[in-house]
**Q** 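This structure is in structure tokens; I'll ask about it shortly.
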Amino acid sequence: SYSETFNLVTADAIAMGVPVVVSDQIGWVPSLFHADPNSTRSISCALRRAEFLDEVGIAARWNKRRLHKYNVQAKKDIVRAIGSVVLAQV
């Protein structure tokens with residue numbers, strides 16, 4: 001993706017333990033799995049890296065940890081935003 005910052009398809013793949021390669025626009029995915037979407041070389045290198053890290057059992061664990069961290073922070077941000085709206089109405 002050139003502009004999407006979350007990407008549900010990526011989150012679903014990670015939840016299923018599938019290694020992913022994404023652009024740097026999806027910041028919650030570890031940078032080891034980022035590739036320049038305009039560079040076949042960058043994509044190829046990232047795919048090989050993701051495949052290797054998947055084979056040694058690291059990719060899924062890292063990606064799931066980052067997805068969980070992102071979700072925890074998103075929940076906090078939403079609660080904070082809702083709280084400020086409610087307080088503004090009081």
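In this chain, numbering begins with 1 at the start of the sequence shown. As the structure is a computational prediction, the values presented were derived from the model and not from experiment.
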**Q** Between Ala46 and Ala35, what is the shortest heavy-atom contact and its length?
**A** CB-CB, 3.8 Å
**Q** Check for me, please, whether Met16 and Leu8 land in the same ILVMFWY cluster - side-chain distances under 4.5 Å, paths through other members count.
**A** no
**Q** Applying ring-ring contact (aromatic ring centres under 6.0 Å, His included), name anything that partners Phe52, two or more places apart in sequence or on another chain.
**A** none
**Q** Going by the rule side-chain contact (heavy atoms from CB on, under 4.5 Å), which residues pair with Ile78 if we only count those two or more places apart in sequence or in a different chain?
**A** Ile82
**Q** Just jot down the salt bridge (Lys or Arg N to Asp or Glu O under 4.0 Å) partners of Arg80, sequence neighbours excluded, or say none.
**A** Asp77
**Q** Report yes or no: do Val20 and Val56 belong to one cluster of Ile/Leu/Val/Met/Phe/Trp/Tyr joined by side chain heavy-atom distances under 4.5 Å?
**A** yes
**Q** If you take all heavy atoms of Val29 and Phe33, which pair is closest and at what distance?
**A** CG1-CB, 3.7 Å
**Q** Is any side-chain heavy atom of Ile14 closer than 4.5 Å to one of Trp28?
**A** yes
**Q** Listed by chain and number, what are the side-chain contact (heavy atoms from CB on, under 4.5 Å) partners of Arg48, not counting sequence neighbours?
**A** Ser44, Cys45
**Q** Would you check if the side chain of His34 reaches a backbone N or O of Ile26 as a donor-acceptor pair within less than 3.5 Å?
**A** yes
**Q** Among all residues two or more places apart in sequence or in another chain, which pass the side-chain contact (heavy atoms from CB on, under 4.5 Å) test with Val72?
**A** His68, Lys76
**Q** Is there a continuous path of hydrophobic side-chain contacts, each under 4.5 Å between heavy atoms, that joins Val18 to Leu32?
**A** no
**Q** With sequence neighbours excluded, what pairs up with Ser39 under the side chain to side chain donor-acceptor pair (under 3.5 Å) test?
**A** none
**Q** Sort and list the pairs that fulfil side chain to side chain donor-acceptor pair (under 3.5 Å) and have at least one residue in residues 50-65, not counting sequence neighbours.
**A** none
**Q** Is Val21 isolated, or which residues cluster with it under the ILVMFWY side-chain rule of less than 4.5 Å, directly or via members?
**A** Ile43, Leu47
**Q** Using the side-chain contact (heavy atoms from CB on, under 4.5 Å) criterion, which residues pair with Val9? Sequence neighbours excluded.
**A** Asn7
